[in-house]
Amino acid sequence: MNTDSIAVIGSGSIGTGWAIVFASAGRMVRLHDIAAAHLEEAKRVVAGRLDELAGFGLLNEPPAVIAGRVSFTTDLATAVVGTAHVQECIPENRDAKLEVLATLARLASDDCVIASSSSFIPMSQIAAILPGRERCLVIHPGNPPFLLRIAEICPAPFTDPAVIDKSEALMRSCGLSPIMLRIEKDGFIFNRLQGALLREAYALIAEGATNAADIDRLVRDGLGFRWSVVGPFESIDLNTRGGIAAHAQRMLPAYIRMGAERGEHQSWTEETIDAVVADRRAALPLEDWDKRVGWRDRELMALLAYRRQRS
Ligand SMILES: NC(=O)c1ccc[n+]([C@@H]2O[C@H](COP(=O)([O-])OP(=O)(O)OC[C@H]3O[C@@H](n4cnc5c(N)ncnc54)[C@H](O)[C@@H]3O)[C@@H](O)[C@H]2O)c1
């Protein structure tokens with residue numbers, strides 16, 4: 001097990017979440033914040049969440065052992081010295097992040113990876129002018145990071161490929177499934193997808209078609225319930241005999257009409273559909289389609305039974 005220390009900068013919801021992820025994977029964690037009161041609260045949150053995770057059987061070690069790996073400091077140099085990885089988690093402000101990253105680049109050893117948890121701002125908008133920028137990239141977690149077991153890894157064009165590899169290996173060693181971005185996009189993938197759904201939801205409310213409570217219910221018990229087993233592409237692939245190509249053929253005109261209503265004209269091109277169809281057929285040959293539909297249904301049955309038992 002790799003026991004190199006990790007520094008986490010900023011002890012809000014994401015900083016405490018990362019501390020739990022890293023410490024649960026056996027890493028010594030130094031959690032830093034400029035506000036001593038926030039660190040006191042973070043201490044309580046980390047211990048409390050670890051106890052709850054243990055209650056659900058989600059930890060491999062006693063919670064006190066894991067909590068014992070996390071130390072707390074208001075001194076940035078103490079947090080960073082000798083660490084292999086720094087995870088910045090301060091508020092989403094480009095200038096503040098640049099200032100912290102500039103200090104980190106001076107304090108951290110040359111082979112230390114400097115990652116930002118930024119939700120929307122790509123690294124080339126933060127660190128383009130920084131000496132040491134090749135060590136910097138974005139690792140964007142879900143919230144809370146210890147429950148949504150994915151992390152988006154988004155390098156800038158100037159990020160050293162070795163830094164990307166190390167970051168991917170770190171996420172895997174912590175039990176997180178890395179999503180590797182091929183180009184930088186504002187909001188990465190997670191928040192762009194979330195944003196697309198929210199844009200339409202707000203538009204439907206503005207038009208008087210529905211309200212927030214009904215949209216939450218529809219996503220929680222409908223779309224999102226299914227998405228917790230299969231993603232949006234696999235959903236439509238399994239919804240139509242003949243798979244996603246048949247879905248596109250039958251439904252495309254309706255989706256194009258709905259997009260045009262919102263001023264969106266680009267994404268459903270034949271070329272893009274072909275690429276998605278190719279990905280899906282590589283993942284699931286059509287001869288296995290019935291078997292997979294049966295599997296999806298049983299997974300949803302298990303989830304439904306679990307929800308009934310919890311309610
Ligand atoms: N909240 C989410 O759902 C979520 C999800 C993924 C990523 N993120 C991103 O993670 C980052 C942190 O978000 P959060 O929700 O934890 O914020 P937060 O406001 O809960 O916590 C930020 C913490 O950083 C501390 N801080 C501020 N300036 C600092 C500095 N210069 N040095 C050290 N500590 C400093 C604050 O005292 C505070 O405790 C943001 O970039 C955010 O966009 C948030």
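- Counting only distance, with no hydrogens or angles, the side chain of R133 and the backbone of I129 share no donor-acceptor pair below 3.5 Å.
- K185 has its side chain out of reach of E152: every pair of non-hydrogen atoms, C-beta onward, lies at least 4.5 Å apart.
- The shortest distance between side-chain heavy atoms of R220 and R307 falls below 4.5 Å.
- The line from OG of S11 to CD of E40 is 10.0 Å long, rounded to the nearest 0.5 Å.
- Once rounded to the nearest 0.5 Å, the distance linking CG of D160 with CG of L137 reads 10.5 Å.
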Please list, one pair per line, the donor and acceptor atoms closer than 3.5 Å that link side chains of residues 71-81 to other protein atoms, with sequence neighbours excluded.
from	atom 1	to	atom 2	distance (Å)
S71	OG	V29	O	3.4
T73	OG1	D75	N	2.9
D75	OD2	T78	N	3.0
D75	OD2	T78	OG1	2.4

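- Between R172 and E168, at least one side-chain N (NZ, or NE/NH1/NH2) sits under 4.0 Å from a carboxylate O, which counts as a salt bridge.
- Between C136 and T159 there is no side-chain heavy-atom pair separated by less than 4.5 Å.
- Nearest heavy-atom pair, E92 versus S119, reported as atom, atom and distance to 0.1 Å: OE1-N, 3.0 Å.
- I34 belongs to no multi-residue hydrophobic cluster, having no ILVMFWY side-chain contact under 4.5 Å with any other such residue.
- Using modelled atom types, no side-chain atom of R292 and backbone atom of P285 make a donor-acceptor pair closer than 3.5 Å.
- Scanning all heavy atoms of the two residues, the minimum distance from G10 to L31 falls at O-CD1, 3.8 Å.
- One N or O on the side chain of R69 and one on the backbone of A23 form a donor-acceptor pair closer than 3.5 Å.
- Cluster membership for L300 and I236, using ILVMFWY side-chain heavy atoms within less than 4.5 angstrom, is not shared.
- Side-chain heavy atoms closer than 4.5 Å link hydrophobic residues (I, L, V, M, F, W, Y) into clusters, and following such links, even through other members, never connects I150 to V229.
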Discussion item. Does L181 form a side-chain contact (heavy atoms from CB on, under 4.5 Å) with H140? I'd like the steps, not just the answer.
Written reply: CA-CA 11 Å; L181 269 80; H140 172 246; over 6 Å; no

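- Within the 4.5 Å cutoff, the side chain of L50 has heavy atoms near those of the S24 side chain.
- F120 and F190 are members of different hydrophobic clusters when ILVMFWY side chains are connected at heavy-atom separations under 4.5 Å.
- For D221, the CG atom sits in a packed shell: over 12 heavy atoms of surrounding residues, nucleotides or ligands are nearer than 6.0 Å.
- Taken from NE2 in H85 to OG in S5, the straight-line distance is 12.5 Å, to the nearest 0.5 Å.
- Every pair passing ring pair (Phe, Tyr, Trp, His ring centres under 6.0 Å) that includes a residue from residues 209-254 is listed here, sequence neighbours excluded: H247-Y255.
- Pairing each heavy atom of D4 with each of R27, the nearest pair is O-NH1, 3.1 Å.
- For the atom pair CG (L176) and CH2 (W18), the distance works out to 5.5 Å, reported to the nearest 0.5 Å.
- M123 places none of its side-chain heavy atoms less than 4.5 Å from the side chain of C154.
- Put simply, OG1 on T16 and CZ on R44 are 12.5 Å apart, with the number rounded to the nearest 0.5 Å.
- In this structure, W295 has no ring pair (Phe, Tyr, Trp, His ring centres under 6.0 Å) partners at least two apart in sequence or on a different chain.
- Here the closest heavy-atom approach between residue G12 and residue D33 is recorded as N-OD2, 4.4 Å.
- Residues V45 and L59 fall into different hydrophobic clusters, defined by Ile, Leu, Val, Met, Phe, Trp and Tyr side chains chained together at heavy-atom separations under 4.5 Å.
- Counting heavy atoms of neighbouring residues, nucleotides and ligands inside a 6.0 Å radius, atom CD of E299 exceeds 12 of them.
- Nearest heavy atoms, P122 versus E184: CB-OE2, 3.4 Å.
- Of the possible polar contacts, one joining the R281 side chain to the L284 backbone as a donor-acceptor pair under 3.5 Å is found.
- In this structure, the side chains of E234 and R296 stay at 4.5 Å or more apart for every pair of heavy atoms.
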Under 3.5 Å, sequence neighbours excluded: what are the donor-acceptor pairs made by side chains of residues 270-280?
from	atom 1	to	atom 2	distance (Å)
T272	OG1	T269	OG1	2.5
R280	NE	D237	OD2	2.8
R280	NH2	D237	OD2	3.1

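- Using a 4.5 Å cut-off between side-chain heavy atoms of Ile, Leu, Val, Met, Phe, Trp and Tyr, with links allowed through other members, L147 and I139 fall into the same hydrophobic cluster.
- For the pair R135 and D111, the salt-bridge criterion is not met [side-chain N within less than 4.0 Å of a carboxylate O].
- Side-chain atoms of T83 never come within 3.5 Å of backbone atoms of V86 as a donor-acceptor pair (strictly under, hydrogens ignored).
- The closest side-chain heavy-atom distance from P141 to L148 is not below 4.5 Å.
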Quick one: side chains of residues 93-101, donor-acceptor pairs under 3.5 Å with protein atoms, not counting sequence neighbours, listed by atom name and distance.
from	atom 1	to	atom 2	distance (Å)
N93	OD1	D95	N	3.0
N93	OD1	A96	N	2.9
R94	NE	Q125	O	2.7
R94	NH2	Q125	O	3.4
K97	NZ	E88	OE1	3.4
K97	NZ	E88	OE2	2.6
K97	NZ	I90	O	2.9

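- Shortest non-hydrogen contact noted between R192 and D186 is NH1-O, 2.7 Å.
- With rounding to the nearest 0.5 angstrom, the CG atom of L204 is 10.0 Å from the CG atom of L218.
- Residues V113 and Q87 have side chains not in contact (no heavy-atom distance under 4.5 Å, counting atoms from C-beta outward).
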